Amino acid sequence: MPRTGRPRRNHTRMTLPEAEKIVALDLDGKLDRSDRDVAKIVFEAHTIVQRASLWGAGPGTPSRRRGMLIFFGAAIFIAVWIAGLLIPLLLGLEQ
């Protein structure tokens with residue numbers, strides 16, 4: 001039976017300390033990025049380190065999930081607040 005829909009993305013699971021070691025080796029020039037598999041792992045390690053610096057924690061840690069929850073909660077609050085201001089203006093309702 002052929003698969004339909006989007007193919008699953010193959011993720012390499014690594015922790016933040018592992019990713020930091022890979023990035024350090026890459027920045028020192030000790031990794032051969034001409035190999036496709038090595039380049040893929042180095043790219044993912046750089047992505048994990050960049051996201052950790054953005055969210056302040058490694059992937060899947062409770063503080064990162066809490067930070068994302070706070071971010072999305074604030075975004076939803078601001079969106080509802082702006083909608084509450086704009087919808088009456090667009091509909092021409094005055095109170």
Side-chain angles (χ1 to χ4, degrees):
M1 173 184 246
R3 290 181 61 173
T4 59
R6 287 180 34 197
R8 293 182 114 191
R9 190 171 167 200
N10 187 11
H11 288 286
T12 304
R13 301 289 178 198
M14 69 178 77
T15 63
L16 183 57
E18 292 171 339
E20 288 173 340
K21 288 178 186 176
I22 292 171
V23 168
L25 289 172
D26 182 48
L27 294 177
D28 290 340
K30 295 180 180 177
L31 297 177
D32 180 22
R33 292 188 82 176
S34 63
D35 184 11
R36 184 176 175 182
D37 293 330
V38 172
K40 184 177 174 182
I41 291 173
V42 169
F43 173 78
E44 184 148 352
H46 278 282
T47 303
I48 288 172
V49 170
Q50 288 171 354
R51 288 181 182 169
S53 68
L54 175 69
W55 293 104
T61 59
S63 62
R64 181 171 175 171
R65 281 183 251 144
R66 186 173 41 248
M68 289 176 62
L69 180 66
I70 291 170
F71 174 77
F72 288 121
I76 290 171
F77 174 77
I78 291 171
V80 169
W81 182 60
I82 290 173
L85 291 174
L86 292 180
I87 289 175
L89 290 174
L90 293 174
L91 294 177
L93 301 176
E94 290 188 29
Q95 295 179 356

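In what follows, residues are counted from 1 in the order of the sequence shown. Remember, it's a predicted structure, so these values are computed and weren't measured experimentally.
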Check: Looking only at heavy atoms, what is the nearest atom pair of Ala83 and Pro88, with distance?
Finding: O-CD, 4.1 Å
Check: Yes or no on side chain to side chain contact (heavy atoms under 4.5 Å, CB included) for Ile22 and Leu31, after CA distance, side-chain angles and deciding distance?
Finding: CA-CA 9 Å; Ile22 292 171; Leu31 297 177; 4.1 Å; yes
Item checked: Closest contact, heavy atoms only, Ile48 versus Ala19 -> CG2-CB, 3.9 Å
Note to self: Suppose the criterion is salt bridge (charged side-chain N to carboxylate O under 4.0 Å, His left out): which pairs have a residue in residues 17-33, not counting sequence neighbours?
What the structure shows: Asp26-Arg33
Item checked: For Ile76, the rest of its hydrophobic cluster, which grows through side-chain links under 4.5 angstrom -> Val80
Next item on the list: Not counting sequence neighbours, which residues clear side chain to side chain contact (heavy atoms under 4.5 Å, CB included) with Ile82? List them please.
Entry: Ile78, Leu86
Check: Measuring from His46:NE2 to Ile41:CD1, what's the distance to the nearest 0.5 Å?
Finding: 12.5 Å
